[in-house]
Every structure is written in structure tokens, then in C-alpha cells.
Number of protein chains: 2
Amino acid sequence: MAHPPVDLLRGTLDLLILKAVSGGSEHGYGVARWIERATGGALQIEEGSLYPALHRLEDRRLIGAEWGLSDNNRRARFYRLTPEGRRRLKSETANWTRFARAIFAALEASPQSAPAGA
Amino acid sequence: MAHPPVDLLRGTLDLLILKAVSGGSEHGYGVARWIERATGGALQIEEGSLYPALHRLEDRRLIGAEWGLSDNNRRARFYRLTPEGRRRLKSETANWTRFARAIFAALEASPQSAPAGA
């Protein structure tokens, strides 16, 4: 619990990567920067977390990858969402939202008695 | 990503336990049942996750424990929040809320361009 951001991030990094590449092809550095910007800097993505996650998602065919040139003319792998990845993004976004709301509800509940109907 | 609830839970179980015992003394079974009720059944707490977490929190002196009798007259350990645990509950609730909101913001952002000022 000393580092809740990291714990929280671990479970949702894959989801945020799918979101980051859902608008078109993006290289790894761009994915990390997008996540940092879109979360207002709350999540900092380390390369040691990012690249294993990208490979894992590629292995599961949720994203596809091909070599290309970045803006500064360096060779980089560009990632895009597959149709299966798009379905997964939708279902996991719904899952994430449901569970985050459930936790919010618990954090706002009375500690000794759960809210009626909750 | 096959089991986002479990991933999400791992990072927040300690926090929910602190919340569960913040209103008074509670035994382990009661903690698990409270979390399940307060999250509307969205989070199911396994004993294999619960008891290690309780011991961890006790080791860190965020909760205290003593033996007592449960409603059905069985010997059980009862947990309560320490002053340090109460401070931690407050700060971690704020952390969790901040990071969950950051992820919500990213999930709602345009995938290719982060919202201005986000």
C-alpha cells in the first residue's frame, strides 16, 4: 500500500494501452506519452512495464505491430488495435468502470453496515 | 486482463480492509462479508487473499487484533483500526480516488490527442 499508483496501474495498464492505440497506429513512446497526458500526469509509464505489456497484447492478438519511422526518423514499432482488441477495449472499459464504481461505493459506505441494496 | 477484478482488487484490498474495520472491531469473516456487501457483490474476497492481507496490515500496525467470540460463540480474531491506520485510510482513500479519476479521464479521452490541460 506504500505505492497504490503502481498497484492500480498494474491492473489497468493493458486497458490504457488498448485505449491509446484505438485511434490509429502509435509507437511505444507515443503510447506512454499519451497515457501520461490523458491521466494528467497521474500515471507515469516506465519502459520496463510498457514493453512487456505491448508484447503481451501483441501475443494475444489484441494489438498488431509493424515497423515504421517515427517523427524524428528513427525506426520504431507501431501498434494498432485489432478487431478483437477493439472488442476487448469495450468490454474491459465496462468492467473497469463497474469495479471502480463498486470500490467508490464501498469507500463511501458506513464501515459497519453496508448500504441497503448495495 | 482476463481477470481485471482480481488485478484491481489486489491494489485496493488493503484499503477496503482498513475501511471495513474503521467503524469498530470486526472479525475476518465479517470484514470479507462487509466488503462484498458494500461493493454490491462486485468483489468476492477469498480467504487466501484476506488473511495474508490482515496479517500484513497488523505487522505494519495499521490494524490491531485481539481474540474474542463471534456471534456463534466461536473463537475469532477481531481487528480494529489503529490511529496510524486511520491516517493511512484517509490518505489512501484520497490517493485511490485521484488515480481512479485519472484513469476514468483517460478512458473518456480521445485516443490520439489528450484533452487540453488534462
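Only heavy atoms go into these numbers, but all of them, side chains included; no hydrogens, no water, no symmetry mates.
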Show me the donor-acceptor pairs within less than 3.5 Å that the side chains of residues 72-81 of chain B make with the rest of the protein, sequence neighbours left out.
from, atom 1, to, atom 2, distance (Å)
B:Asn72, OD1, B:Ser70, OG, 2.5
B:Arg77, NH2, B:Glu58, OE2, 2.8

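Ring geometry, A:Phe104 versus B:Phe104: the interplanar angle falls under 30°, so the pair is classed parallel (tilted spans 30 to 60°).
Interface remark: A:Ser91 contributes no atoms to any contact with chain B (heavy atom separation under 4.5 Å).
At most 12 heavy atoms of other shown residues, nucleotides or ligands fall within 6.0 angstrom of atom CZ in A:Arg101. Applying the 6.0 Å contact sphere to CG of B:Asp59 captures more than 12 heavy atoms from other residues, nucleotides or ligands.
Nearest heavy-atom pair across B:Lys19 and A:Pro111 is O-CB, 3.2 Å. Shown here for B:Ala106 and A:Trp34, the closest heavy-atom pair between the two residues is O-CH2, 3.4 Å.
For the atom pair B:Trp96 CH2 and A:Ile103 CD1, the distance stands at 4.5 Å (nearest 0.5 Å). With rounding to the nearest 0.5 Å, the separation of OG1 in A:Thr12 from CG in B:Leu107 is 8.0 Å. Taken to the nearest 0.5 Å, the OG1 atom of B:Thr39 stands 9.0 Å off from the CZ atom of A:Arg98.
Checked against ring-ring contact (aromatic ring centres under 6.0 Å, His included), B:Tyr29 has no partners two or more places apart in sequence or in another chain.
Taken together through direct or relayed side-chain contacts under 4.5 Å among Ile, Leu, Val, Met, Phe, Trp and Tyr, B:Leu43 and B:Tyr51 form part of one hydrophobic cluster.
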